[in-house]
Amino acid sequence: MKIEIPREVERFGPIVFHGVQKVYELDSGLRNAKNDKDDNPIMKRIAYDTQHEIQKQMAIVVPIRNEKIKLVEGVLSGIPHHCLIIIVSNSPRFPMDRYKLEKDAIEHMEHFMDRDILIVHQKDPKLGEACAAAGYSHILDKNGVVKDGKAEGMILSKILAYICGKKYIGFIDSDNYFPGAVMEYVHEYGAGFTMSNSDYTMVRISWHSKPKVVESNLFFAKRGRASEHTNRILNRLISSFTGYGTETIKTGNAGEHAMTMDLAMKLDYSSGYSIEPYHYINVLEKFGGIIANPSEDVMNQQVEFFQIESRNPHLHEVKGDQHVKDMSKAAMECIYNSPICPEALKENIMEDLITRKILPKGEKLGNNLNYYPALENFDLRKFKDVLKNQEYAGLFKDKLPEFKETKVSKPLRDTKMAKERVLPEKGKLEMK
Ligand code: GDD
């Protein structure tokens, strides 16, 4: 892959937000290919062999709820061979067992692909038991199984990727019509990790376009309907602390994203579709120096966000206006309810929600989200032990990777500071 270096960089304490980067070649050949001009200072070449090395250490998670099996098969075919595929399904099991159909179809594909696929059902009681054994009951419902929600499935997959010894984890929605786009996203994840200097890195895909049929013609829309608003509000949040306007954030809702396991273990998560915008919020809350002191290692290494613009159009299942509104509301809720959200921005959020008829005038924006603490504070060996007799346990590693710091830090939402919503006074917004 050949990719331009970021043109813009926004710095926020130890957090680096790289502006969107364009891809110029999807495949730029082998590392030692002849006639390469590797000295071009504005282009990065990520050789095919480099991608391969990263893919061997990467799990690609495909969350599923009730998708067409043909679509899922296409997605799986686009995932490079050396990545470990983890499927977390929350498809209904009654009256028809959709999960069984998915599992049969995927296992059939697995034989032809000749690779291992870890497939679980989100509501498997054994997984609930494993979470409880690790002390991570936060994502469980009153019946002791993992709650519904995309975020909840993703958190589960993070634990699974960790106990499989993976260094990187990436997410691809299961309702993507273009297997070629899926493959491209995984290469872009690899490009971001190669360009990064930090163990704490996230790569987010900014789709080139989303095709739609408008008046019998194909129209390639640039951004999704929810993203536009989330991006604007996130950029305003950053500006309100730095004092400079910015448009750097273009991937507020990016469902297609990847991160290092070191970062995945350190983040708190929020529920449902708010998980992606909350990545930005939580990194700012935890490491931005506004209300919490970043750990020494994060200060030294920085947290790097890469945003890469894909070349393939993103065509996925359309789930209706109400779905988009719900997703947008969840994004706004996680920003609005953050202890770092200034009053003026809260007003902007309310105006935006009322204008778009997502919230009736006069109604307050509550907080219907759940927040889940960082996984680094839990004993995931106990999670692994509970699952030792499962059919997929052969994929688990005997020795689990160590974390850089083992210090138990309380989830931000439980701290006194977060509750009191301590914000720097206006005009005194320097980093602590
Ligand atoms: N395991 C699991 N559990 N998967 C789920 C669940 C769940 O409860 N709910 C949804 N999924 C799966 C879907 O099957 C799909 O593969 C993926 O999660 C995304 O869900 P969609 O409902 O299709 O979301 P979307 O396409 O409208 O939105 C996507 O793009 C947004 C950015 O525009 C999502 O990825 C959003 O999170 C993202 O913000």
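Note that ligands are numbered from 1 as they come in the structure, with each ligand's atoms numbered from 1 the same way. Quick caveat: nothing in here was measured; it's all calculated off a predicted structure. Below, each value reflects all heavy atoms present in this structure, side chains not excepted, and no hydrogens, waters or symmetry copies.
Considering backbone and side-chain atoms alike, Met327 places every N or O at 3.5 Å or more from each N or O of ligand 1. Geometrically, ligand 1 and Gly153 share no nitrogen or oxygen pair separated by less than 3.5 Å. Considering backbone and side-chain atoms alike, Ser89 places every N or O at 3.5 Å or more from each N or O of ligand 1. Residue-to-ligand polar distances place Pro63 within reach of ligand 1: an N/O pair is separated by less than 3.5 Å.
In this structure the side chain of Met261 never reaches within 4.5 angstrom of the side chain of Leu263, judged on heavy atoms.
Residues that satisfy the ring-ring contact (aromatic ring centres under 6.0 Å, His included) test with His187, not counting sequence neighbours, are absent from this structure.
Residue Phe171 does not touch ligand 1, judged by heavy-atom distances below 4.0 Å.
Atoms of ligand 1 found under 4.0 Å from any heavy atom of Ser174, numbered from 1 in the order shown, are 14 (O), 15 (C), 16 (O). Interface of Gly255 with ligand 1, defined as ligand atoms under 4.0 Å from a residue heavy atom, comprises 35 (O), 38 (C). Listed by number with element, the atoms of ligand 1 under 4.0 angstrom from any heavy atom of Trp207 are 33 (O).
Atoms CG and CD1, on Leu359 and Ile349 in that order, are 11.5 Å from each other to the nearest 0.5 Å.
Across all their heavy atoms, Met96 and Leu101 have their closest contact at CE-CD1, 3.9 Å.
Between atom 4 (N) of ligand 1 and the options Ile275, Asn90, Ile64, the minimum heavy-atom separation is to Ile64. The nearest non-hydrogen atom to atom 26 (O) of ligand 1, considering only Glu276, Glu67, His323, His316, comes from His316. Counting heavy atoms only, Asn253 comes closest to atom 39 (O) of ligand 1 of the residues Asn253, Asn66, Val324.
Ring geometry for Phe306 against His18 counts as parallel: the plane angle stays under 30°, on a 0 to 90° scale with 60° as the upper cut. The aromatic rings of Tyr280 and Phe17 sit tilted relative to each other, their planes meeting at an angle between 30° and 60°.
Taking the six-membered ring for Trp and the full ring otherwise, the centers of His108 and Phe112 sit less than 6.0 Å from each other.
Screening residues 385-400 for side chain to side chain donor-acceptor pair (under 3.5 Å) gives Lys103-Glu391 as the qualifying pairs, with residues at least two apart or on separate chains.
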